[in-house]
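Have a look at the structure below before the remarks.
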Number of protein chains: 2
Amino acid sequence: MASIRPDFQQPAEVRQNLSAADWARAALETMAAGGMEAVAVEPLARRLGVTKGSFYWHFANREALLRAALELWEKRETEDVLARIGDEPDPYHRIVKVFREANAGYRSGRLYLAIAAAEDKPLVREFVQRVSERRMRYLVECYRALGFDEARAAHWARFAYATFMGNLQIRRDTPELMPTGAAFNEYLKLMIKTLIPREGTDKSAETGSHPHVVPMHRGGG
Amino acid sequence: MASIRPDFQQPAEVRQNLSAADWARAALETMAAGGMEAVAVEPLARRLGVTKGSFYWHFANREALLRAALELWEKRETEDVLARIGDEPDPYHRIVKVFREANAGYRSGRLYLAIAAAEDKPLVREFVQRVSERRMRYLVECYRALGFDEARAAHWARFAYATFMGNLQIRRDTPELMPTGAAFNEYLKLMIKTLIPREGTDKSAETGSHPHVVPMHRGGG
DNA sequence: AGGCCTCAATACGCATCCGTATGGTTCGCC
DNA sequence: GGCGAACCATACGGATGCGTATTGAGGCCT
């Protein structure tokens with residue numbers, strides 16, 4: 001909360017002073033809506049009901065604001081998202097959860113696309129690289145826990161990551177091409193079934209005998 | 001060619017007058033490099049060695065330039081790319097070719113990402129939608145030719161499209177996460193093998209008995 | 001030669017944004 | 001009750017970009 005016109009956040013002191021975190025939050029929201037270029041000081045100040053005089057007290061310049069917003073993004077991206085799935089013991093369900101999360105949590109994905117679109121700025125590359133590497137490593141470890149060796153786990157993790165990155169892109173650019181309702185569940189099931197094979201210990205992927213359509217060893221019930 | 005400083009294009013008349021197409025080409029290149037926001041009139045004029053006075057003779061405003069650039073993009077995207085794969089008779093190899101093309105032709109994909117990043121402009125949505133729908137329809141028809149019914153073909157086509165869209169994204173944002181050399185070929189083979197199953201007429205995908213690793217009915221060879 | 005068309009240079013007004021300088025207001029504190 | 005820090009408003013200069021107007025230089029046609 002406390003994004004636009006924070007008339008309610010501090011105690012009822014009527015005085016609604018802004019903090020640097022408020023600016024960073026607003027900047028992140030603006031980034032999700034209109035990209036990095038949309039994060040301008042003066043429009044943001046208008047949106048927050050103040051003027052530039054406030055901003056340049058909290059931040060040295062626009063660059064510092066962008067850095068703060070990206071740090072907030074990285075923090076949310078790792079703490080919130082991954083920590084919320086981290087308590088799932090079964091690696092199969094971990095991947096499934098990541099997938100459902102990635103397709104349901106549209107806001108988060110939209111934000112990634114908005115940030116990554118400014119990959120020419122080295123500041124952005126730095127953060128995108130860290131976030132992506134962390135996600136990827138998480139997926140690789142899931143596949144490793146399924147019995148894949150390092151090389152194959154890396155390939156399958158990248159495969160899966162690419163797939164739901166592309167789904168995000170499709171959903172944002174051409175939502176008409178995305179199915180809805182029951183058809184979407186079919187689509188999701190197809191991807192999950194295909195991207196989580198059950199032959200981790202096996203070398204060749206040609207003998208897909210396990211159905212693995214439904215949850216299997218839901219041990220911690 | 002004939003992009004920066006077109007001193008060679010018209011007959012050797014020494015007079016190097018620019019045309020609207022020259023501006024559109026330059027705009028498209030700028031878009032690929034720096035996004036839509038980078039397509040500004042005055043920098044573009046400087047790049048072309050002229051001033052704004054020239055631009056506003058050829059175009060009514062900046063919007064018209066963007067439209068011309070997007071039309072050029074759509075034209076190239078359909079004529080060049082798809083028509084170059086269209087003479088492949090086997091649907092299996094058509095998909096494979098699309099895949100290899102999508103991963104090799106990095107420039108084209110980068111351009112798509114740059115354009116699609118400005119999805120808030122209705123002008124852009126219009127073009128992106130047409131291009132995406134055309135690509136998708138092409139893939140759906142490939143899967144239909146492999147024996148899939150309409151619903152399953154749509155799912156697999158979307159799946160495949162999402163995957164190489166995501167690969168593009170990964171390659172642009174975090175190229176370190178992409179394998180090179182032999183590992184890349186393994187990765188590619190894994191995706192192709194997985195995304196082109198061989199049970200089009202079959203209802204359930206659980207009995208994957210066909211290897212489908214190598215080309216199979218290479219009829220016209 | 002004169003006139004028209006094409007293409008481009010120059011100059012201007014307007015808007016937006018960055019960053020700085022400076023002053024004003026509110027609060028806590030001695 | 002004065003002091004200083006936190007916070008913000010106002011005003012300015014510089015930069016950049018859009019769009020318009022005006023003028024001008026060549027080519028082409030008659």
Side-chain angles (χ1 to χ4, degrees), chain A residues 2-27 30-31 33-69 118 120-121 123-124, chain B residues 2-27 30-31 33-69 118 120-121 123-124:
Chain A
S3 55
I4 308 178
R5 278 266 177 206
D7 294 332
F8 37 81
Q9 50 172 2
Q10 300 293 86
E13 292 284 7
V14 192
R15 183 92 182 112
Q16 66 259 29
N17 280 345
L18 263 52
S19 69
D22 292 322
W23 282 94
R25 271 191 291 274
T30 305
M31 267 174 48
M36 304 230 72
E37 323 256 353
V39 182
V41 175
E42 283 162 333
L44 215 63
R46 281 195 295 272
R47 211 185 112 172
L48 290 173
V50 294
T51 63
K52 294 194 307 180
S54 168
F55 174 81
Y56 282 98
W57 197 94
H58 295 286
F59 295 93
N61 47 24
R62 182 171 174 267
E63 174 97 359
L65 173 65
L66 293 180
R67 185 179 296 274
D120 47 302
K121 285 115 183 109
L123 173 64
V124 171
Chain B
S3 55
I4 308 181
R5 276 277 183 193
D7 294 334
F8 36 81
Q9 50 170 1
Q10 298 294 87
E13 291 285 7
V14 192
R15 183 95 183 107
Q16 68 258 29
N17 281 344
L18 264 51
S19 69
D22 292 321
W23 284 94
R25 272 191 290 273
T30 306
M31 268 174 48
M36 304 230 71
E37 322 256 354
V39 182
V41 175
E42 282 162 329
L44 215 62
R46 281 196 293 273
R47 209 186 114 173
L48 289 172
V50 294
T51 62
K52 293 195 306 179
S54 167
F55 173 81
Y56 283 98
W57 196 94
H58 296 286
F59 295 94
N61 46 26
R62 181 171 175 266
E63 174 96 0
L65 173 66
L66 293 180
R67 183 179 297 274
D120 48 300
K121 284 110 182 116
L123 172 65
V124 171

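Note on naming: letters A, B, ... go to the chains in the order of the sequence lines (proteins, then strands), and numbering restarts at 1 for each one.
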request  = Rounded to the nearest angstrom, tell me the gap between atom CZ in Phe59(B) and atom C1' in dC18(D).
outcome  = 16 Å
key: From CG (Leu123(A)) to CZ (Arg67(A)), nearest 0.5 Å   = 5.0 Å
note = Atom CG of Leu18(A) and atom P of dC8(D) are separated, to the nearest Å, by 5 Å
key: Criterion side-chain contact (heavy atoms from CB on, under 4.5 Å) on Asp22(B) and Leu48(B), from CA distance to verdict   = CA-CA 9 Å; Asp22(B) 292 321; Leu48(B) 289 172; 5.6 Å; no
key: For the student: nearest non-hydrogen atoms of Ala69(B) and Ala27(B), plus distance   = CB-CB, 4.0 Å
message = Contact list please: residues 35-43 of chain A against DNA chain C, heavy atoms, distance less than 4.0 Å, in numerical order.
response = Ala40(A), Val41(A), Glu42(A), Pro43(A)
task = Could you list all the side-chain hydrogen bond (donor to acceptor under 3.5 Å, both in side chains) pairs where at least one residue sits in residues 35-46 of chain A, not counting sequence neighbours?
result = Glu42(A)-Lys52(A)
Proximal nucleotide (of dT20(D), dC7(D), dA9(D)) relative to the Trp57(A) side chain = dC7(D)
task = Grab the OH-C1' distance between Tyr56(B) and dC12(C) for me, whole Å please.
result = 14 Å
task = Can you label the angle between the Trp23(A) ring and the His58(A) ring as parallel, tilted or perpendicular, going by 30° and 60°?
result = tilted
inquiry  = Nearest whole Å is fine: how far is dT16(D) P from Arg62(A) CZ?
reply    = 15 Å
ask   = Less than 4.5 Å apart, any side-chain heavy atom of Leu66(B) and any of Val124(B)?
value = no
key: Atom-pair distance (CG on Asp22(A); C1' on dA6(D)), nearest Å   = 15 Å
message = So, OP1 or OP2 of dT6(C): does either fall under 4.0 Å of a side-chain N or O from His58(B)?
response = no
inquiry  = Side chain of Thr51(B) only, heavy atoms from C-beta on: which candidate in dA8(C), dA9(D), dC18(C) is closest?
reply    = dA8(C)
query = Val50(B) has a side chain; which of dC8(D), dA8(C), dG19(D) sits nearest to it?
reply = dA8(C)
Protein-nucleotide distance (Glu63(A), atom CD; dC17(C), atom P), rounded to Å = 18 Å
task = State, yes or no, whether a side-chain contact exists between Phe55(B) and Leu65(B) at a heavy-atom distance under 4.5 Å.
result = yes
query = Is there a side-chain contact between Val41(B) and Phe59(B), using heavy atoms and a 4.5 Å cut-off?
reply = no
task = State whether Arg46(B) places a side-chain N or O below 4.0 Å from either non-bridging phosphate oxygen (OP1 or OP2) of dG17(D).
result = yes
task = Would you kindly give the CZ-to-P distance between Phe55(B) and dC18(D), to the nearest whole Å?
result = 8 Å
Could you write out each protein N or O paired with an N or O of nucleotides 13-15 of chain C at a distance under 3.5 Å?
none

query = Can you tell me if Thr30(A) uses its side chain to pair, donor with acceptor, with the backbone of Ala26(A) under 3.5 Å?
reply = yes
key: Rounded interatomic separation in angstrom, taking CG from Leu48(A) and P from dC7(D)   = 14 Å
